[in-house]
Each structure stands twice: as C-alpha cells, then as structure tokens.
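A short write-up of the structure that comes next.
Convention: sequence-line order gives letters A, B, ...; per-chain numbering from 1.
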Amino acid sequence: MAKKYWLFKSEPSSFSIADLEKATNRTTCWDGVRNYQARNFLSKQIAVGDQVFFYHSNADPAAIVGIAQITKAGYPDPSAFNSKSPYFDEKSDPINPTWYCVDIKHVKTFSKPVSLTELKSNLKLKNMVLLQKGSRLSIQPVSESEWKEIIKIS
DNA sequence: GCCAACGTTGGC
DNA sequence: GCCAACGTTGGC
C-alpha cells in the first residue's frame, strides 16, 4: 500500500508540536477526535508509516509547523471510556467502540512554519481540504503533490 | 471578541 | 424525515 499523507489540526494552547517533541518517545496518542468523518480516517485509512503535517489552528499565525508519522494504526480511543476524561462519551460501547485514535511520533519541526496565508497564496494548493471554505475537519487527507509542494516551501 | 460555517440534537 | 436551535470550530 502506498504511503499516504494527512494533516492533523491542533490548537497549540492545548497541544502543540513542541509538546509532541517533549512527549515520551516523542510519541502521543491522538485521542479525543469526536467527528465521524475524521473518525473514519482514523479507524479505516490511516496506516503505520503514513506521514502527517502538524497544523496549529487558532494560532498566530495559523500554520503547518512540522511533520509527524503514524506509529500505530487506528485503535479504540481509551478516553471515550474514561469518565474522568473531557472526551468521555457515555454512549460509546467498549464492545463496539464509536471513537478511534492513532499514535503519532514527532519527525521534525519546521524552522520556518508554512502559514495559512502562504498556503492560500499558492495556486498549486488551491484544492487542499484545509483551504476549502468552511472546512473544519481536524483530520484531513493531503495529496502527494500537495505534500511535496509544502515540503518544498518549508 | 466577533461571527460565519458546520455538525448534532431533538421536537414534531 | 424535516428543520430550528444550539454548541463548536477557527479565521480574522
């Protein structure tokens, strides 16, 4: 299976790429995703070795700030069953879990982040999911050509 | 802080 | 099944 590319959004005030870099094994469980479309990517399509752009939303500036890779494919999100977690979902059944997560590992932090403004100004990237009007999806596919173009500018 | 766009909920 | 109301996301 060909390697695939993704973009994961995170608000740096809750979890930034610096936090990922500092995490044990530079790895974290990407939990708490509570959107069905994003869930489907996590549970069905994202595979070990896939590459991920780490994006800071609600940030100044909003930007792609680095790269991570998938170290563990989709598995049931433990936070959904933890009543103390802010992501607890009492309706999720452990036998047939509603929510999934993956593990990601830090690969690199860009010395020069690629800002949303730069992405928007690049015509080769106009079809990126991130740039579509009203796009709020927190886990998005990125095409190979988009990936390469962004690596080139970074 | 504002607000447009989106997803979900729940009454009917 | 429709759709209004609500809560959330996220750029500005």
Worksheet item: Mind checking whether Phe8(A) and Trp30(A) have parallel, tilted or perpendicular rings, split at 30° and 60°?
Response: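 Geometry flag for Trp30(A) against Phe8(A): tilted rings.
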
Discussion item. Less than 3.5 Å apart, any donor N or O on the side chain of Tyr100(A) or Asp31(A) sitting next to an acceptor on the other?
Written reply: no

Worksheet item: Can you find a pair of side-chain heavy atoms, one from Gln51(A) and one from Trp6(A), that are under 4.5 Å apart?
Response: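 The answer is no; the side chains never approach within 4.5 Å.
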
Discussion item. Contact between Lys108(A) and Phe110(A) at the side-chain level, heavy atoms closer than 4.5 Å - yes or no?
Written reply: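 SC-SC contact between Lys108(A) and Phe110(A) confirmed.
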
Discussion item. Of the listed nucleotides (dA5(B), dG11(C), dG7(B)), which one gets closest to any side-chain atom of Lys120(A)?
Written reply: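 Of all the options, the side chain of Lys120(A) is nearest to dG11(C).
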
Item to complete: Counting heavy atoms from C-beta on, name the nucleotide in dA5(B), dG7(B), dG10(C) closest to the side chain of Lys9(A).
Response: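 Of all the options, the side chain of Lys9(A) is nearest to dG10(C).
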
Between atom [atom1] in [X] and atom [atom2] in [N], what is the gap in whole Å?
X         : N       : atom1 : atom2 : value
Leu116(A) : dG11(C) : CG    : P     : 6 Å
Arg39(A)  : dG7(B)  : CZ    : P     : 15 Å
Asn35(A)  : dC6(B)  : CG    : C1'   : 10 Å
His56(A)  : dT9(C)  : NE2   : P     : 16 Å
Arg136(A) : dT8(B)  : CZ    : C1'   : 10 Å
Glu11(A)  : dT9(C)  : CD    : P     : 7 Å
Gln132(A) : dG7(B)  : CD    : P     : 14 Å
Leu137(A) : dA5(B)  : CG    : P     : 18 Å

Worksheet item: More 5' along DNA chain B: Tyr36(A) or Lys133(A), using each one's nearest nucleotide?
Response: Lys133(A)

Worksheet item: Of Arg34(A) and Asn58(A), whose nearest nucleotide on DNA chain B comes first from the 5' end?
Response: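 Per heavy-atom nearest nucleotide, the more 5' residue is Asn58(A).
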
Worksheet item: So, is Tyr55(A) close to the dG11(C) phosphate, meaning a side-chain N or O under 4.0 Å from OP1 or OP2?
Response: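 Yes, such a contact exists.
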
Fill in: Side-chain donor/acceptor of Asp50(A) to backbone N/O of Lys4(A), under 3.5 Å
yes

Discussion item. Applying side chain to side chain contact (heavy atoms under 4.5 Å, CB included) to Lys9(A) and Leu130(A), what does each step give before you reach the verdict?
Written reply: CA-CA 10 Å; Lys9(A) 284 185 194 172; Leu130(A) 183 72; 3.7 Å; yes

For nucleotides 2-4 of chain C, list the nitrogen or oxygen atoms of the protein found under 3.5 Å from its nitrogen or oxygen atoms, one pair per line.
none

Worksheet entry | Spatial distance of atom CD (Glu21(A)) from atom NE2 (His106(A)) [nearest 0.5 Å] | 3.5 Å

